[in-house]
Amino acid sequence: MKTLIAANWKMHGNLGWAQKPAEFRRLFAQSNDNVEILLCPPAHMLEPMVNASKGLDIYIGAQNCHDQISGAYTGELSAVMVAETGAQYVILGHSERRAMFGDTDKWVAAKTSAVQKVGLKPIICVGERRADRVAGQAEEVVGAQLSGSIPPKADGKNLVIAYEPVWAIGTGLTPTIEDIATIHDHIRSCLTKRFGVRIADKIQILYGGSVKPENAEEILALGDVAGALIGGAGLDMKSLAAIAAAAGE
Ligand code: PGA
């Protein structure tokens, strides 16, 4: 399984950033077969980014979508519309969406079904808040989010999970390596219980939350960390290339 290095650009950038895929490839040559690169720009940049990434072996993904195919949902984008741009992934249930835009486990599950139905790959984000960790409930909270955010009828195929502790996002803080390993183990065992070992073993589990060139190698060296979901450090192609290089080690 390749290591997935995914940059979530959030609400940053402009159409001029379509030169970033080429810039990335100048910094990180095509030849590394161990690493898969995914850029998730704001919605208006999806198609230009898909075009700009052609032949560069870089995937493009959306940061969210709606669960319905079409309808009176002002300001929303459906999975079909994302697919139409040529993008291949959709991040779902990011903690910012959960905290600010009302994404619940149930809604994330519905969005996940919609995304899978059109052949896109969902990246479902889960993660505990600071208070949950202090209360010793990180595993419980993450387990509950996971079970509620994966659609009831899911078969475990075509699915990526990202463990992103809320308190580590954009703060420069990260859990200890042991704590990351513990939660990833827990996620893996929840997935195994639900889908059986053969299918669960194929599900990539990413870590996200203040991943930087300085800590990427140590985090990505963990056995069950199959990649990273990167915010701040993914806006700069130099640091993204450094993280990708750490993944290829
Ligand atoms: P960060 O964000 O890398 O800036 O902490 C991660 C994320 O929100 O996915």
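The figures here come from the full heavy-atom set of this structure, side chains too, leaving out hydrogens, waters and symmetry mates.
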- Message: side chain to side chain contact (heavy atoms under 4.5 Å, CB included), that's the test. Do Ile169 and Glu96 meet it? Break it down for me.
- Response: CA-CA 9 Å; Ile169 294 175; Glu96 286 152 18; 3.7 Å; yes
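- Within the 3.5 Å criterion, the main-chain N or O of Met81 finds a donor-acceptor partner in the side chain of Ser78.
- Gln63 contributes a side-chain N or O that, together with a main-chain N or O of Lys10, makes up a donor-acceptor pair within less than 3.5 Å.
- Using modelled atom types, no side-chain atom of Gln116 and backbone atom of Pro122 make a donor-acceptor pair closer than 3.5 Å.
- With sequence neighbours excluded, the residues satisfying salt bridge (Lys or Arg N to Asp or Glu O under 4.0 Å) with Arg188 are Asp224.
- Counting heavy atoms from C-beta outward, Leu229 and Cys125 have side chains that approach closer than 4.5 Å.
- The shortest heavy-atom contact between Ile243 and Ala233 is CD1-CB, 3.9 Å.
- Lys117 is not listed as a side-chain neighbour of Ile69, based on a closest heavy-atom distance of 4.5 Å or more.
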Quiz item: Can you list the steps and then say if Ile161 with Ile150 is a side chain to side chain contact (heavy atoms under 4.5 Å, CB included)?
Solution: CA-CA 10 Å; Ile161 305 297; Ile150 298 176; 4.2 Å; yes
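- Distance check, rounded to the nearest 0.5 Å: NE2 of His186 to CG of Leu191 gives 10.0 Å.
- Under a cut-off of 6.0 angstrom, the local environment of CD in Gln19 is crowded, with over 12 non-hydrogen atoms contributed by other residues, nucleotides or ligands.
- Expressed to the nearest 0.5 Å, how far CG of Asp105 lies from OG1 of Thr112 amounts to 10.0 Å.
- Side-chain atoms of Ser70 and Val80, non-hydrogen and from C-beta on, never get closer than 4.5 Å to each other.
- Contact check for Thr85 versus Ile60: no side-chain heavy atoms found under the 4.5 Å cut-off.
- Linking Ile, Leu, Val, Met, Phe, Trp and Tyr residues whenever their side-chain heavy atoms come within less than 4.5 Å places Phe28 and Leu235 in a single cluster.
- Side chain of Thr174 to backbone of Ser210: no donor-acceptor contact under 3.5 angstrom is found.
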Table please: side-chain donor-acceptor pairs of residues 197-207 below 3.5 Å, with sequence neighbours left out.
{"residue": "Gln204", "atom": "NE2", "partner": "Lys2", "partner atom": "O", "Å": "2.9"}
{"residue": "Tyr207", "atom": "OH", "partner": "Gly209", "partner atom": "O", "Å": "2.8"}

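- Atom CG of Leu27 and atom CZ of Arg25 lie 10.5 Å apart (nearest 0.5 Å).
- Counting all heavy atoms, side chain and backbone alike, Trp167 lies closest to Arg130 at CD1-N, 3.5 Å.
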* **Residue pair Leu240, Glu23: steps toward the side chain to side chain contact (heavy atoms under 4.5 Å, CB included) verdict** => CA-CA 11 Å; Leu240 190 66; Glu23 183 190 346; over 6 Å; no
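- Remark: side-chain polar atoms of Asn215 are paired, donor with acceptor, to backbone N or O of Lys212 under 3.5 angstrom.
- Within the model, atoms OG1 of Thr3 and CD1 of Ile37 stand 9.5 Å from one another, a figure rounded to the nearest 0.5 Å.
- The two residues Trp107 and Phe101 have their closest heavy-atom pair at CZ3-O, 4.0 Å.
- Looking at heavy atoms from C-beta onward, Asn64 lies in side-chain contact with Lys111 at the 4.5 angstrom threshold.
- A single hydrophobic cluster is not seen to contain both Val160 and Val211; linkage of ILVMFWY side chains at heavy-atom distances under 4.5 Å, directly or through other members, places them apart.
- A pairwise comparison of heavy atoms in Val82 and Ala62 identifies CG1-CB, 3.8 Å as the closest pair.
- For the pair Asn158 (side chain) and Leu120 (backbone), a donor-acceptor distance under 3.5 Å is present.
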Check step by step if side chain to side chain contact (heavy atoms under 4.5 Å, CB included) holds for His44 and Leu15. CA-CA 8 Å; His44 77 301; Leu15 289 173; 3.9 Å; yes
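- Residues forming a ring-ring contact (aromatic ring centres under 6.0 Å, His included) with Trp17 (at least two apart in sequence, or on another chain): Trp9.
- The backbone N or O of Ser147 sits less than 3.5 Å from a side-chain atom of Arg194, completing a donor-acceptor pair.
- Cluster annotation: Leu220 is connected to Val35 through the hydrophobic network of ILVMFWY side chains, with a link wherever side-chain heavy atoms come within less than 4.5 Å.
- Contact detail for Pro175 and Pro165: the closest heavy-atom pair is CG-CG, 3.7 Å.
- Contact of the His94 side chain with the Asp103 side chain is not registered, since no non-hydrogen atoms from C-beta on lie closer than 4.5 Å.
- Here the closest heavy-atom approach between residue Met45 and residue Asn14 is recorded as CE-O, 3.1 Å.
- A donor-acceptor contact closer than 3.5 angstrom links the side chains of Ser149 and Arg98.
- Using a 4.5 Å cut-off on side-chain heavy atoms (C-beta onward), Gln88 and Leu38 make no contact.
- No path of Ile, Leu, Val, Met, Phe, Trp and Tyr side chains, each step under 4.5 Å between heavy atoms, connects Leu77 with Ile91, placing them in separate hydrophobic clusters.
- The distance from atom CD of Gln145 to atom CG of Asp132, rounded to the nearest 0.5 Å, is 8.0 Å.
- Using a 4.5 Å heavy-atom cutoff, the side chains of Pro21 and Met49 are in contact.
- Considering CD1 of Ile183 and CD of Glu128, their distance stands at 5.5 Å, rounded to 0.5 Å.
- In the hydrophobic clustering of this structure, Ile219 does not group with Val166; members are Ile, Leu, Val, Met, Phe, Trp, Tyr whose side-chain heavy atoms approach within less than 4.5 Å, directly or through other members.
- In this structure, Phe195 places its CZ atom where more than 12 heavy-atom neighbours from other residues, nucleotides or ligands lie under 6.0 Å away.
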